[in-house]
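All remarks here apply to the structure that follows.
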Amino acid sequence: MWRLILDSARSGQENMALDEALWLSYKEEPAGPVLRFYQWSSSTLTLGRLQKLEDVNEEACRQYGVSALRRPTGGGEVLHERDLTFSLVLPVEGNALPKGILASYRFLHQALAAGLRNFGLETRIFEPETARRAKGGPEPCFTSWSRHDLVAEFGKVLGGAQRRGGGVLLHQGTLQLWPARIPVQELLSRKIDDAAPRVQRGPDLSEEEFKALPRVLAGSVADAFKVRMSLGEFRAVELQRAESLLRGKYTQREWCLCEGSEGVLK
């Protein structure tokens, strides 16, 4: 039995603290795999954990009202606005997930592609022979297509990043069905390879259909892993760990450029 958390829209700091808390708590006290879906209460630019906040144009972020912070996983920059984000915490072994990192991406993205098909959205796995490879480090996630990304006729719709340790995997994925209102390159202080096809428009999903997305996608993931999912909440130990991470990490300048950092989960 897996736990499914359908969370509300939160700040970037809260979202990253909660995802990392789920991962760390599982490593210390396994309580079954967890799949969490969530959104963002304000525009947020996330960077991979090995990237530097010096690459962010702080003045531009302030002008556009965008917070910037580093994720607990890797990858390039992602501007979160109207997207649907998910995190998955599970053991690296002992389930249907393929052992290889790239194979695990493909497996998860194929599962989500099956769910999107229920809404009439046809996607495909981006093949390696045509993948755009970043030079000199990761490029912004949705301005470059990488191996096993999920793409549709109007552009890239799904990318992800992982962190592994202690035999436990944290996978963070972002589903973007509509173009961002702000070009990512305007929020960065460095030049980027913005060569990927631009998203012009997304699918005509109703508000009700968008609200139904998490449950449908969760069902597709459950089918792929051949497991059952039960709607659940955060455990007390996870909330306590997230609170500690929020105060001690995701409100610190090394990890976050955010206004009004209070360090309290709401």
Side-chain angles (χ1 to χ4, degrees), residues 1-41 44 46-50 69-75 78 80 83-97 101 104-105 107-109 111-112 158-175 213-215 217-222 224-225 227-252 255-256 263-266:
M1 181 67 71
W2 287 24
R3 183 171 23 137
L4 172 63
I5 299 177
L6 301 180
D7 207 356
S8 57
R10 297 179 183 267
S11 70
Q13 297 157 288
E14 291 174 311
N15 279 329
M16 295 304 96
L18 284 164
D19 277 355
E20 186 168 359
L22 288 172
W23 179 61
L24 293 174
S25 298
Y26 190 99
K27 290 200 295 181
E28 293 180 358
E29 184 184 342
V34 184
L35 177 61
R36 173 187 175 226
F37 284 94
Y38 56 93
Q39 293 181 270
W40 307 76
S41 58
T44 304
T46 64
L47 290 73
R49 70 184 184 93
L50 299 180
L69 72 161
R70 292 159 58 199
R71 295 186 303 273
T73 56
V78 182
H80 304 275
D83 52 289
L84 177 65
T85 307
F86 72 93
S87 59
L88 176 62
V89 174
L90 78 165
V92 174
E93 298 183 352
N95 52 60
L97 191 73
I101 293 178
S104 70
Y105 277 95
F107 180 84
L108 290 170
H109 290 182
L112 294 165
L158 181 69
Q162 292 186 4
R163 178 90 176 268
R164 298 181 180 216
V168 182
L169 166 71
L170 168 62
H171 183 102
Q172 292 179 307
T174 298
L175 178 67
L213 259 177
R215 289 181 182 271
L217 295 178
S220 296
V221 172
F225 281 91
V227 298
R228 294 174 57 201
M229 286 198 188
S230 176
L231 196 60
E233 303 290 339
F234 294 104
R235 296 184 296 150
V237 65
E238 293 163 348
L239 290 174
Q240 291 169 2
R241 177 67 70 111
E243 189 73 50
S244 177
L245 288 166
L246 189 57
R247 292 195 308 267
K249 182 174 182 178
Y250 290 108
T251 54
Q252 304 304 308
W255 283 86
C256 178
V264 178
L265 281 172
K266 300 176 182 178

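Residue numbers run from 1 in the order of the sequence given. Keep in mind that the numbers below use all heavy atoms, side chains included, and drop hydrogens, waters and symmetry copies.
When the shell of 6.0 Å around CD of Q252 is examined, it contains more than 12 heavy atoms from other residues, nucleotides or ligands. Under a cut-off of 6.0 angstrom, the local environment of CZ in R215 is sparse, with at most 12 non-hydrogen atoms contributed by other residues, nucleotides or ligands.
Between L245 and L24, the closest side-chain pair of non-hydrogen atoms falls below 4.5 Å. For the pair V168 and V89, the minimum side-chain heavy-atom distance is below 4.5 Å. L169 places none of its side-chain heavy atoms less than 4.5 Å from the side chain of P91. Side-chain atoms of L246 and M16, non-hydrogen and from C-beta on, never get closer than 4.5 Å to each other. Annotation: side chain of D83 is not in contact with side chain of L175 (no heavy-atom distance under 4.5 Å). A heavy-atom distance below 4.5 Å is not found between the side chains of W255 and Q13. Looking at L112 and V221, their side chains come closer than 4.5 Å, going by heavy atoms from C-beta outward. You'll find the side chain of S87 reaches within 4.5 Å of the side chain of L170, heavy atoms only.
Ion pair R235/E29 flagged as a salt bridge, since at least one NZ, NE, NH1 or NH2 atom sits closer than 4.0 Å to an Asp/Glu carboxylate oxygen. A salt bridge is defined here as a Lys NZ or Arg NE, NH1 or NH2 lying under 4.0 Å from an Asp or Glu carboxylate O, and R241 with E20 fails to meet this definition.
Considering only residues two or more places apart in sequence or on other chains, E93 meets the salt bridge (charged side-chain N to carboxylate O under 4.0 Å, His left out) condition with none of them. Partners of V227 under the side-chain contact (heavy atoms from CB on, under 4.5 Å) rule, at least two apart in sequence or in another chain, are W2, A222, F225. Taking the salt bridge (charged side-chain N to carboxylate O under 4.0 Å, His left out) definition, one finds that R163 meets it with nothing, sequence neighbours left out.
For N95 (side chain) and L97 (main-chain N/O), a donor-acceptor pair under 3.5 Å exists by modelled atom type. Remark: side-chain polar atoms of E14 are paired, donor with acceptor, to backbone N or O of S11 under 3.5 angstrom. Y105 places a side-chain N or O within 3.5 Å of a backbone atom of Q162 that can act as its donor or acceptor partner. Under a 3.5 Å cut-off, the side chain of S41 and the backbone N or O of R10 do form a donor-acceptor pair. R3 places no side-chain N or O within donor-acceptor distance of the main-chain N or O of P33, the cut-off being under 3.5 Å. Remark: the backbone N or O of D19 is not paired with any side-chain donor or acceptor of E238 at under 3.5 angstrom.
Using cut-offs of 30° and 60° for the angle between ring planes, the F37 and F86 rings count as tilted.
T73 and R164 form no side-chain donor-acceptor contact under 3.5 Å, judged by distance and modelled atom types alone. There is a side-chain donor-acceptor pair under 3.5 Å between R36 and N15. Under 3.5 Å, the side chains of T85 and Q172 contain no donor-acceptor pair of N or O atoms.
Rounding to the nearest 0.5 Å places CD1 of I5 at 11.0 Å from OG of S230. Put simply, CG on L69 and CZ on R71 are 9.0 Å apart, with the number rounded to the nearest 0.5 Å. Going from atom CZ of F107 over to atom NE2 of H171 covers 12.0 Å, rounded to the nearest 0.5 Å. Interatomic distance, Y250 OH to S244 OG, rounded to the nearest 0.5 Å: 11.5 Å. Within the model, atoms CG of L6 and CD of E233 stand 9.0 Å from one another, a figure rounded to the nearest 0.5 Å. The distance from atom OH of Y38 to atom CG of L18, rounded to the nearest 0.5 Å, is 9.0 Å.
Considering every non-hydrogen atom in both A111 and A224, the closest pair reads CB-CB, 3.7 Å. The minimum heavy-atom distance linking A17 with A242 is given by the pair CB-O, 3.6 Å.
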Report task. Show your working on side-chain contact (heavy atoms from CB on, under 4.5 Å) between W40 and T46 and close with a plain yes or no. Result -> CA-CA 11 Å; W40 307 76; T46 64; 3.9 Å; yes
